[in-house]
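Each remark here refers to the structure printed beneath this line.
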2 protein chains.
Amino acid sequence: MKVTIKDIAKAANVAKSTVSKVLNDSPHISIATKVRIREIMKQMNYIPSSLATGLARQKCHNISLIIDLTRRNDFLNFFFYNIIGGIESVVGPNNYELTISNVGREESRDYLTRYVLSQKADGIIIDNSILTKDSAEDLRNLGFPYVLIGEWSGPKMVPCVDINNRLGATRLTQHLLEQGYRNLAFIGGGENEPLFESRSAGVIDALLQEDVEGNPLRIYPDGNTEKAGYHMVSTILEHGEIPDALVCMNNFVAFGALKRLKEKGISVPQEIGVVTFDNEPLAPYTTPALTCLHMDTFGLGAGAAELLMSQIQEESQANQDKFLQQKWLMPELIVRESSTKR
Amino acid sequence: MKVTIKDIAKAANVAKSTVSKVLNDSPHISIATKVRIREIMKQMNYIPSSLATGLARQKCHNISLIIDLTRRNDFLNFFFYNIIGGIESVVGPNNYELTISNVGREESRDYLTRYVLSQKADGIIIDNSILTKDSAEDLRNLGFPYVLIGEWSGPKMVPCVDINNRLGATRLTQHLLEQGYRNLAFIGGGENEPLFESRSAGVIDALLQEDVEGNPLRIYPDGNTEKAGYHMVSTILEHGEIPDALVCMNNFVAFGALKRLKEKGISVPQEIGVVTFDNEPLAPYTTPALTCLHMDTFGLGAGAAELLMSQIQEESQANQDKFLQQKWLMPELIVRESSTKR
DNA sequence: TTGAAAGCGGTACCAA
DNA sequence: TTGGTACCGCTTTCAA
């Protein structure tokens, strides 16, 4: 049924190997035959089988994004389309396919080695929520190209791409300080949540830099939901000193906070300024609209893919040093009403 | 380097074919040898190459989602994570991989036949924005399994899955009528936009059913952005009879509408009721919160995948009739303040 | 510049 | 119940 290289060879009265060379535009084939055979290919509607090519070349021209799809409401959720778009924008033009693989952190180690050994991909991009130290070690031992999305806190270096949350947080905080806010509180997140750690650290960096004395940052880690935001503001207003600005872990926390502040008749941004991370999904649509950090999630995907492609291409050249690249994308500050007093 | 079936055969002192049979759990192999060979496989860390298996079996155990990733802000954008999750939830357990392919409508025809012929997938799920009549015909002629996501308006039947937007719109309208609204206006969308056509048709269905006479639906197709929503409301308020309820094409149109109504001091839901499609990304977070239709996008992906898997599995059985299944998912009404007078 | 043949790592049929 | 062997469709030496 399907037209194969053999059919073309027969039709052109040449050997299979000649056809193969035409396929790969070998310099050892005369232009005349190239033209002739290509014509025949077109007429017979011939397309080489990627399966056969893959087996012969021992690579499948496919890269895989490995994530845990069961984690609903995660960071990935909102930015998935952008991240995928970013990855595709670099692997596509390189003639690589992109496959999505779903696996939980627990099963990931076994899954990864099986995946690699089964030759389902030439390289993988993996979310940091599911890469363990063991699997990172496995991948390294197998010499398999991979890139991590998100921070990595293991002992060994790992090629990874992430938004620079810490510097972003610093930038966001500087903005608050420029606006005259002095008494900051950080709400949302949870202890041991890497995103929380780096963002709160960034806020502290800014306070130290600007030498804002006597007003240490107060931190309220209580989850990343609207409810949590609402609740944290309640707590803050009831006990102790009231801050004049809130840095919120995400849009939902910020939304909950705004809601509670409104109920209490506290004006934003006059009495309390509010800022948050991420521009999606709500920041432009709250009242007042939220000042935030825009994360370049398309760039995140594209950056990861670039790192991976370069690994794959350098692979032959035993250029191991290049494998350890890391990229940090700087978020962009978007100023809106929620933090501008005038 | 890599362990192959040959290595296992050698180590076990049996023929390749025997190992292959163990791999496929053939009933013609004694339990004793199965156990023995499996043990050896484990010890040698053997995983079969999917490339080789694929070539031998002439199928790659991969299904592909084909979309146009350059269409930012599209319906897919917000629901991508859910749709992918839905697809994966059915292909994953069947041991199929999921790949994402990006292509524009213009190049799609060529792309598709190349894709199919190159054996990169055993079946595809394709977005209706890029399937043309020609490509549908091609796929059918090739006898290649595929499922469309979204409505299909071509002459021939095509296996597809979609949210039942028309019935959903009817349900949404019935809710408005139950609340006592009588004078409806439909805002957003654009002529020839299938989603617009089916949704507005659904509203009209409801009006006819309930015999709401003398107040035909007024329709304002002016795009699907916040700005458009804002603008349409301005226009409506300035000219002619003022409706008592607005059905909005999406969350952004509704947001723009709410904004304008608020500026004009028109109360929602007392003076004008507002409802919209989709629960994402804003509906729960506007003031007042929006009554809407929740679309089961996870189910959309899962449904498409199920249809496709059944096609792939029935393929051998020449059971062509089953290929023409269609699925319509019923959206769920979520009632919120924007349309409840009491 | 072209051809022949041995892989790549499995599957599947037929014989033993 | 096992083994031998001819594929699957393309690549890649090595000869001609």
Side-chain angles (χ1 to χ4, degrees), chain A residues 1-38 40-41 44-62 95 114-122 316, chain B residues 1-38 40-41 44-62 95 114-122 316:
Chain A
M1 191 63 249
K2 190 181 182 315
V3 181
T4 74
I5 202 174
K6 204 171 151 190
D7 302 317
I8 302 296
K10 200 174 299 172
N13 238 314
V14 295
K16 270 171 45 178
S17 54
T18 304
V19 179
S20 172
K21 281 163 197 152
V22 172
L23 231 35
N24 298 293
D25 201 18
S26 156
H28 302 300
I29 297 289
S30 74
I31 296 196
T33 43
K34 275 187 187 173
V35 170
R36 188 169 65 89
I37 291 185
R38 285 197 185 117
I40 295 178
M41 287 176 173
M44 298 182 67
N45 208 12
Y46 168 73
I47 303 292
S49 159
S50 61
L51 244 23
T53 310
L55 179 59
R57 292 218 179 109
Q58 290 294 85
K59 51 192 175 132
C60 57
H61 260 249
N62 180 64
N95 289 313
R114 291 189 74 85
Y115 201 83
V116 169
L117 260 26
S118 70
Q119 305 188 296
K120 282 181 183 159
D122 296 332
S316 36
Chain B
M1 189 61 251
K2 189 180 182 318
V3 181
T4 75
I5 201 174
K6 206 170 150 189
D7 302 317
I8 302 295
K10 198 174 298 170
N13 238 311
V14 295
K16 264 171 54 175
S17 54
T18 303
V19 179
S20 172
K21 282 164 198 152
V22 172
L23 229 36
N24 297 292
D25 201 19
S26 156
H28 303 300
I29 297 288
S30 73
I31 296 196
T33 42
K34 275 186 186 172
V35 171
R36 188 169 66 89
I37 293 185
R38 286 199 183 114
I40 295 178
M41 286 175 174
M44 298 182 68
N45 208 14
Y46 168 72
I47 303 291
S49 159
S50 61
L51 244 24
T53 309
L55 179 58
R57 291 220 179 106
Q58 290 295 85
K59 50 191 176 134
C60 57
H61 261 249
N62 180 63
N95 289 313
R114 291 188 73 85
Y115 201 82
V116 169
L117 261 27
S118 71
Q119 306 188 294
K120 282 180 183 160
D122 297 331
S316 34

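Only a predicted model underlies this, so the values are computations on that prediction, with no experimental measurement involved.
In this structure, B:Met41 atom CE and C:dG9 atom C1' are separated by 13 Å, rounded to whole Å. Atom NZ in B:Lys59 sits about 17 Å away from atom P in C:dG10, given to the nearest Å. The nearest whole Å value for the distance from the NE2 atom in A:His28 to the P atom in C:dG3 is 15 Å. In this structure, the NZ atom of B:Lys2 is 16 Å from the C1' atom of C:dG7, given to the nearest Å. Computed from coordinates, the A:Ile5 CD1 to C:dA5 P distance equals 16 Å when rounded to whole Å. As rounded to whole Å, 11 Å separates atom C1' of C:dT1 from atom CD1 of A:Ile37.
Listed by chain and residue number, nothing satisfies the side-chain hydrogen bond (donor to acceptor under 3.5 Å, both in side chains) test with A:Asn45 (two or more places apart in sequence, or in another chain). In terms of the side-chain hydrogen bond (donor to acceptor under 3.5 Å, both in side chains) criterion, residue partners of A:Ser49 (sequence neighbours excluded) are, by chain and number, B:Gln119. By the ring-ring contact (aromatic ring centres under 6.0 Å, His included) test, B:Tyr46 pairs with no residue at all, sequence neighbours left out. Every residue meeting the side chain to side chain contact (heavy atoms under 4.5 Å, CB included) condition with A:Ala12, not counting sequence neighbours, appears here in chain and number order: A:Val14, A:Arg36, A:Ile37, A:Ile40.
Nucleotides of DNA chain D lying under 4.0 Å from heavy atoms of chain B occupy a range whose first and last members, 5' to 3', are D:dT1 to D:dG9.
Expressed to the nearest 0.5 Å, how far CG of B:Leu55 lies from OG of A:Ser50 amounts to 10.0 Å. A:Ile5 contributes atom CD1, which lies 8.5 Å from atom CD1 of A:Ile8 (distance to the nearest 0.5 angstrom). Interatomic distance, A:Ile47 CD1 to A:Met41 CE, rounded to the nearest 0.5 Å: 9.5 Å.
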Atom pairs under 3.5 Å, N or O on each side, protein against nucleotides 14-16 of chain C: can you list them with distances?
none

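Between its two ends, the helix from C:dT1-D:dA16 to C:dA16-D:dT1 turns its axis by 40°, counting five pairs per end and rounding to 10 degrees.
Of the two residues near DNA chain D, B:Ile29 and B:Leu55, the one whose nearest nucleotide lies more 5' is B:Ile29.
A pairwise comparison of heavy atoms in A:Met44 and A:Asp7 identifies CE-CB, 4.1 Å as the closest pair. Between A:Cys60 and B:Leu51, the closest heavy-atom pair is CB-CD1, 3.9 Å.
For the pair B:Thr53 and C:dG9, the criterion of a side-chain N or O lying under 4.0 Å from OP1 or OP2 is not met. For the OP1/OP2 pair of C:dC8 and a distance below 4.0 Å, the side-chain nitrogens and oxygens of B:Ser49 include no atom meeting the criterion. Using a 4.0 Å cut-off, some side-chain N or O of A:Gln58 falls inside it from OP1 or OP2 of C:dG9.
Among the atoms of the strands shown, only primed sugar atoms or phosphate atoms (P, OP1, OP2) are found under 4.0 Å from some heavy atom of B:Ser30.
Using a 4.0 Å cut-off on heavy atoms, the residues of residues 7-18 of chain A that approach DNA chain D are A:Lys16, A:Ser17, listed by number.
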Only distances under 3.5 Å count here; give the side-chain donor-acceptor pairs of residues 16-32 of chain B to other protein atoms, sequence neighbours excluded, each with its distance to 0.1 Å.
{"unit_1": "B:Asn24", "atom_1": "OD1", "unit_2": "B:Arg57", "atom_2": "NH2", "d": "2.5"}
{"unit_1": "B:Asn24", "atom_1": "ND2", "unit_2": "B:Ser20", "atom_2": "O", "d": "2.9"}
{"unit_1": "B:Asp25", "atom_1": "OD1", "unit_2": "B:Lys34", "atom_2": "NZ", "d": "2.8"}
{"unit_1": "B:Asp25", "atom_1": "OD1", "unit_2": "B:Arg38", "atom_2": "NH2", "d": "3.1"}
{"unit_1": "B:Ser26", "atom_1": "OG", "unit_2": "B:His28", "atom_2": "N", "d": "3.0"}
{"unit_1": "B:Ser30", "atom_1": "OG", "unit_2": "B:Thr33", "atom_2": "N", "d": "3.3"}
{"unit_1": "B:Ser30", "atom_1": "OG", "unit_2": "B:Thr33", "atom_2": "OG1", "d": "2.8"}

